[in-house]
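Accompanying notes for the structure given below.
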Amino acid sequence: MAEGVPGRAARPARPADDPDPMFDAHPTFAADPSYPADATFAGHPAPVTGPARVTDPDRPEDVADLADIGVAIGIPEPYRTQLQDWRERLGDPNASLIVPHVTLLGPTTVRLTDLPAIEAHLSRAAGPNDPFTIRLAGSGTFRPLSPVVFVALVAGAARCAELAAAVRSGPLDRPLTFAYHPHVTVAHDIPEDGLDNAYEALADYSAQFDVRGFGLYERGADLRWRQLRFFPFGRPGDAPRSAGGGHRAGVGSQE
């Protein structure tokens with residue numbers, strides 16, 4: 001699409017054999033995908049109140065007692081590399097900083113001393129869930145509201161919304177200005193012609209994979225997002241593996 005049209009979602013029709021009725025019925029999801037916040041972990045999150053607050057890009061880098069975190073479903077291989085390569089080819093400046101993902105909680109600043117409680121909360125949020133399938137198909141855009149092109153979820157979106165609501169509660173309570181719209185960003189903050197190219201190039205993209213949990217990510221001093229811990233589904237009594245006192249857990253990808 002040459003221009004951003006308000007209300008234009010992903011171009012392919014949703015497969016009739018596996019619909020997400022929650023997203024078909026809601027006008028924001030079906031006709032007006034205007035969710036620019038948390039688009040790539042580098043977007044413009046909504047202002048919040050409470051102990052968890054939106055990441056402030058201007059806060060001093062040497063604030064030792066704070067951490068910038070996010071929660072997301074990581075995209076598994078081979079699709080992770082495919083989508084990462086697309087971002088790089090399209091010239092997205094965030095390509096090397098952010099792995100392909102579906103956001104559940106966008107960039108949020110928390111105290112390091114609160115991380116053990118946050119991990120316990122995320123473990124409880126993950127535990128009662130069963131694995132589910134995400135199907136990606138076709139491209140969509142948030143233009144003109146936000147300079148984002150994404151790959152659309154045509155199955156699994158309702159489950160992502162349920163997870164996001166569970167994650168964004170308790171110590172991570174974060175009301176959103178815009179309705180939650182799960183997606184996988186492939187281009188953000190690049191020139192308009194690049195966004196046009198991305199929209200056209202990903203029109204026929206498709207992928208399908210099972211989701212068995214989600215990850216807690218932290219932005220480092222080099223601005224790269226790295227996974228601190230993976231929270232698997234189906235373990236309601238699982239205790240958090242966090243080192244107490246605000247120290248970092250090991251970094252690794254287990255999704």
Side-chain angles (χ1 to χ4, degrees), residues 38-43 45 52 54-55 61 66-85 87-88 92 94-127 129 131-132 134 136 150-151 153 156 159-160 163-164 166-168 170-172 174 182-186 188 207 209-235 238-255:
D38 305 343
T40 62
F41 274 21
V54 64
T55 295
E61 291 292 333
L66 299 177
D68 294 339
I69 65 167
V71 180
I73 296 169
I75 307 300
E77 296 292 3
Y79 312 116
R80 175 189 299 172
T81 296
Q82 291 174 3
L83 294 170
Q84 193 85 18
D85 288 348
R87 286 190 86 152
E88 292 175 359
D92 189 319
N94 299 306
S96 64
L97 306 178
I98 308 160
V99 297
H101 65 277
V102 177
T103 298
L104 299 177
L105 174 78
T108 302
T109 298
V110 300
R111 297 180 182 88
L112 290 178
T113 53
D114 290 337
L115 279 178
I118 288 170
E119 291 197 14
H121 163 70
L122 293 176
S123 184
R124 290 191 296 269
N129 292 277
F132 65 97
I134 281 180
L136 305 176
F150 57 86
V151 173
L153 275 69
R159 288 291 304 274
C160 290
L163 282 175
V167 165
R168 207 174 52 251
L172 293 176
R174 263 197 57 178
H183 58 281
V184 181
T185 296
V186 291
H188 183 216
F209 54 90
D210 291 335
V211 178
R212 302 184 181 279
F214 54 76
L216 171 65
Y217 293 79
E218 182 185 20
R219 179 160 57 187
D222 59 359
L223 303 184
R224 291 178 181 270
W225 288 90
R226 297 179 176 87
Q227 185 173 272
L228 288 178
R229 183 184 167 196
F230 180 72
F231 295 86
F233 295 155
R235 298 183 184 180
D238 195 20
R241 296 176 301 180
S242 173
H247 296 291
R248 303 297 194 276
V251 174
S253 178
Q254 302 176 43
E255 65 270 17

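As the structure is a computational prediction, the values presented were derived from the model and not from experiment.
The shortest non-hydrogen separation linking L163 to A125 is CD2-O, 4.5 Å.
Listed for the D85 side chain is no donor-acceptor partner under 3.5 Å among the backbone atoms of Q82. Put simply, the side chain of R80 gets close to the backbone of I75: a donor and an acceptor are under 3.5 Å apart. In this structure, the side chain of R159 does not engage the main chain of F132 through any donor-acceptor pair within 3.5 Å. Judged purely by atom type and a 3.5 angstrom limit, D92 uses its side chain to pair as donor or acceptor with the backbone of H188. T103 contributes no side-chain N or O that, together with a main-chain N or O of H101, makes up a donor-acceptor pair within less than 3.5 Å. Under the 3.5 Å distance criterion, the side-chain polar atoms of Q84 are left unmatched by any main-chain donor or acceptor of E88.
Expressed to the nearest 0.5 Å, how far OH of Y217 lies from CG of L104 amounts to 9.5 Å. Here the OG atom belonging to S96 is positioned 9.5 Å from the CG atom belonging to L223, to the nearest 0.5 angstrom. Taken to the nearest 0.5 Å, the CZ atom of R87 stands 5.5 Å off from the CG atom of N94. Atoms CG and CD1, on L112 and I69 in that order, are 10.0 Å from each other to the nearest 0.5 Å. The distance from atom CZ of R219 to atom OG1 of T108, rounded to the nearest 0.5 Å, is 10.5 Å. Expressed to the nearest 0.5 Å, how far CG of L122 lies from CZ of R124 amounts to 9.0 Å.
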Side chain to side chain contact (heavy atoms under 4.5 Å, CB included) assessment of L97 paired with D222:
CA-CA 9 Å; L97 306 178; D222 59 359; over 6 Å; no
Could you give me the CA-CA distance, side-chain angles and deciding distance for V167 and F214, then say whether side chain to side chain contact (heavy atoms under 4.5 Å, CB included) is met?
CA-CA 10 Å; V167 165; F214 54 76; 4.0 Å; yes
Quick one, R111 with L66, criterion side chain to side chain contact (heavy atoms under 4.5 Å, CB included). Give me CA distance, side-chain angles, the key distance, then yes/no.
CA-CA 4 Å; R111 297 180 182 88; L66 299 177; 4.1 Å; yes
Intermediate values then yes/no, side chain to side chain contact (heavy atoms under 4.5 Å, CB included), Y79 and V184
CA-CA 11 Å; Y79 312 116; V184 181; over 6 Å; no
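Side-chain contact check for H183 versus T185: some heavy-atom pair is nearer than 4.5 Å. Side-chain contact between F231 and V71 is absent, with no heavy atoms from C-beta onward closer than 4.5 Å.
A salt bridge is absent between E218 and R226; no separation between the charged side-chain nitrogens and carboxylate oxygens falls under 4.0 Å.
Side-chain polar atoms of T81 and E77 form a donor-acceptor pair below 3.5 angstrom.
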